[in-house]
Number of protein chains: 2
Amino acid sequence: MKNTNPTGTVLYTLEQTIKEYRKMAQKKISSIVHDITVDQCLVLIILHKNPQYSQKEVAEMIFKDNASITRIIDLMVKKDYISRKIHETDRRKFNLEITQKGIETIALLIPTIQKNRTDALAGLSENEIVLLDQLLTKVLINCKTDHEK
Amino acid sequence: MKNTNPTGTVLYTLEQTIKEYRKMAQKKISSIVHDITVDQCLVLIILHKNPQYSQKEVAEMIFKDNASITRIIDLMVKKDYISRKIHETDRRKFNLEITQKGIETIALLIPTIQKNRTDALAGLSENEIVLLDQLLTKVLINCKTDHEK
DNA sequence: CAAATATAATTGATATATCAATTAAAAATA
DNA sequence: TATTTTTAATTGATATATCAATTATATTTG
């Protein structure tokens, strides 16, 4: 009875879980702010905490590649959440500045974002959360070392 | 020291882990068969085990929505992995048949797919895998019940 | 049976993911 | 310093995700 899912592995549950979490989180966020995605929220939060980050650094923080982050930030600039200014000392980079609208949006959404996380983890003890993180990290490292060689 | 990741939750590790797994799996699969994606492989496997499944049933099995599965199968039909025939008794549905090329591809890829999974879970005991699955399922159910209401 | 409702699949619009190629600028090195 | 190599960001191509609207067909119900 352990493996009833199609491919017989926990990796299926992993896939399904993150998908449901994303759906749930997006639904809650959309109900407060209509023109923002979960990923765009994360970019705002990262930049809020680390105003000096380049696109590349933001990308690494949320596991996106450079191409994805370019497009995500393009959209955020269009929607006036962020502005791009050329970096003073390294002209390959940008300074990314959160706009007033961006700041207001963060304030509006932070409670929701935090609630999404606690809701997702409801019923798990502190120990279980730590354990989950450890087990996931093992899998993560396996995959990383595997495809980096 | 528990949470060093940007948003301070295990959900980040979850996101990162599934992304690395997908990358690793795609890389290994691409090295054997060049014109197929991980998701397309899954469709082949599902149909192989359940030849009578409709698109909708395949979709549910791998957590895709109808729109996604329509497009995935479109591509697979174009690449001659699958053929669509109208269902005899319910003309809203299709019978999806794996082609000869599809069957050969499955045979070629199954060892790789299985190796990907065991590699990803290397170093985890049976108990740990069961535990991981249980913890993930708790999160999954939290998210589902949350956004289904 | 006819009308209303439900279901399977498709399509359009928009966002993200991935890979490869490109550009511009910075850093390293001969 | 001139040349080579790296790095940051962009762009193009293709695949997938999500939502909403639509089409065609089945099923239910009045």
Side-chain angles (χ1 to χ4, degrees), chain A residues 15-16 18-31 34-43 52-79 81-82 84-96 147, chain B residues 15-16 18-31 34-43 52-79 81-82 84-96 147:
Chain A
E15 177 95 27
Q16 194 182 5
I18 193 66
K19 275 193 185 180
E20 285 299 328
Y21 173 68
R22 282 206 215 100
K23 256 189 228 177
M24 183 270 274
Q26 183 65 61
K27 209 164 265 192
K28 295 297 173 70
I29 284 171
S30 295
S31 76
H34 300 289
D35 71 342
I36 202 162
T37 68
V38 171
D39 289 324
Q40 291 169 10
C41 283
L42 291 179
V43 170
Q52 81 290 0
Y53 272 13
S54 65
Q55 293 190 184
K56 191 176 165 49
E57 287 167 314
V58 174
E60 275 161 15
M61 210 69 171
I62 52 175
F63 325 121
K64 310 274 174 193
D65 73 353
N66 288 354
S68 294
I69 211 71
T70 291
R71 281 152 185 153
I72 290 171
I73 288 178
D74 279 349
L75 290 174
M76 294 180 76
V77 169
K78 265 187 208 155
K79 291 190 287 192
Y81 284 114
I82 285 178
R84 273 189 180 110
K85 316 223 154 116
I86 291 174
H87 195 279
E88 299 127 30
T89 60
D90 186 341
R91 297 165 35 110
R92 292 170 303 182
K93 297 184 185 176
F94 290 111
N95 274 123
L96 301 169
H147 84 269
Chain B
E15 178 95 27
Q16 195 182 4
I18 194 65
K19 275 193 184 178
E20 285 299 328
Y21 173 67
R22 281 205 216 103
K23 257 189 227 175
M24 183 271 273
Q26 184 64 60
K27 209 165 263 188
K28 296 297 174 70
I29 284 172
S30 296
S31 75
H34 301 288
D35 72 340
I36 202 163
T37 68
V38 171
D39 288 325
Q40 291 169 10
C41 282
L42 292 179
V43 171
Q52 79 292 357
Y53 272 13
S54 65
Q55 293 189 185
K56 190 176 165 50
E57 287 167 314
V58 173
E60 276 161 16
M61 211 67 172
I62 54 175
F63 324 121
K64 310 276 174 191
D65 74 353
N66 287 355
S68 295
I69 213 69
T70 291
R71 280 149 186 155
I72 290 171
I73 289 178
D74 278 349
L75 291 173
M76 295 180 77
V77 168
K78 266 186 207 153
K79 291 190 289 193
Y81 284 114
I82 285 177
R84 273 189 180 111
K85 315 224 155 119
I86 292 174
H87 196 281
E88 301 127 30
T89 60
D90 186 340
R91 298 166 33 113
R92 291 169 304 183
K93 297 183 183 174
F94 289 113
N95 274 125
L96 302 170
H147 84 268

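In this text, all values refer to a predicted model and were calculated from it rather than measured experimentally. Values below: every heavy atom of this structure, side chains too, minus hydrogens, waters and symmetry copies.
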Colleague: Would you please confirm or rule out a distance under 4.0 Å between OP1 or OP2 of D:dA9 and any side-chain N or O of A:Ser54?
Modeller: yes
Colleague: Just how far, in rounded Å, is P of D:dA26 from CD1 of B:Ile86?
Modeller: 10 Å
Colleague: What is the separation between atom CG on B:Asp65 and atom C1' on C:dG12, rounded to the nearest whole Å?
Modeller: 14 Å
Colleague: OP1 or OP2 of D:dT10 less than 4.0 angstrom from a side-chain nitrogen or oxygen of A:Gln55, does that happen here?
Modeller: yes
Colleague: Between B:Asp90 and A:Arg92, who's closer to the 5' end of DNA chain C by nearest nucleotide?
Modeller: B:Asp90
Colleague: How many Å lie between CD on A:Glu88 and P on C:dA26, as a whole number?
Modeller: 13 Å
Colleague: Which whole-number value in Å describes the distance from B:Gln40 CD to C:dT18 C1'?
Modeller: 14 Å
Colleague: For the pair made of CG in A:Leu96 and C1' in D:dT10, what is the distance, rounded to whole Å?
Modeller: 14 Å
Colleague: Measure from CD1 on A:Ile72 to C1' on C:dT14 and round the result to the nearest Å.
Modeller: 13 Å
Colleague: Provide, to the nearest angstrom, the distance between the CG atom belonging to B:Asn95 and the P atom belonging to C:dA9.
Modeller: 10 Å
Colleague: Do the side-chain N or O atoms of A:Arg84 get closer than 4.0 angstrom to the phosphate oxygens (OP1, OP2) of D:dT10?
Modeller: yes
Colleague: Identify whether any heavy atom of A:Ser30 sits under 4.0 Å from a base atom; if not, whether one sits that close to sugar-phosphate; answer base, sugar-phosphate or nothing.
Modeller: nothing
Colleague: Let me see the working for A:Asp74 and A:Arg84 under salt bridge (charged side-chain N to carboxylate O under 4.0 Å, His left out), right down to the final yes or no.
Modeller: CA-CA 9 Å; A:Asp74 279 349; A:Arg84 273 189 180 110; 2.9 Å; yes
Colleague: Output the distance between atom CE (B:Met76) and atom OG1 (B:Thr37), rounded to the nearest 0.5 Å.
Modeller: 7.5 Å
Colleague: Report yes if the side chains of A:Leu96 and A:Gln55 come closer than 4.5 Å at any heavy-atom pair, otherwise no.
Modeller: yes
Colleague: Using a 4.0 Å heavy-atom cut-off across all strands, classify B:Ile69 as base, sugar-phosphate, or nothing.
Modeller: nothing
Colleague: Ignoring backbone atoms, establish whether A:Lys19 has a side-chain N or O less than 4.0 Å from OP1 or OP2 of D:dA17.
Modeller: yes
Colleague: Kindly indicate whether the side chain of B:Lys27, heavy atoms from C-beta on, has any atom under 4.5 Å from the side chain of B:Lys23.
Modeller: no
Colleague: Which of the following nucleotides, D:dT18, C:dT18, C:dA8, is nearest to the side chain of B:Lys23?
Modeller: C:dT18
Colleague: Rounded to whole Å, how long is the line connecting atom OH of A:Tyr81 with atom P of C:dA15?
Modeller: 11 Å
Colleague: Counting only side-chain nitrogens and oxygens, does A:Lys93 get under 4.0 Å of the OP1 or OP2 atom of C:dA25?
Modeller: no
Colleague: Touch check for A:Arg71, heavy atoms < 4.0 angstrom, all strands: base, sugar-phosphate only, or nothing?
Modeller: base
Colleague: Are any of the side-chain heavy atoms of B:Asp35 and B:Tyr81 separated by less than 4.5 Å?
Modeller: yes
Colleague: Any side-chain heavy atom of B:Ile69 within less than 4.5 Å of one from B:Ile62?
Modeller: yes
Colleague: Hey, which of these two, A:Ser68 or B:Asp74, hits DNA chain C nearer its 5' end, going by closest nucleotide?
Modeller: B:Asp74
Colleague: Does a nitrogen or oxygen in the side chain of B:Gln26 sit under 4.0 Å from OP1 or OP2 of C:dC19?
Modeller: no
Colleague: Given D:dT25, is OP1 or OP2 found less than 4.0 Å from the side-chain N or O atoms of B:Arg91?
Modeller: yes
Colleague: Is the distance from OP1 or OP2 of C:dA15 to the nearest side-chain N or O of A:Thr37 less than 4.0 Å?
Modeller: no
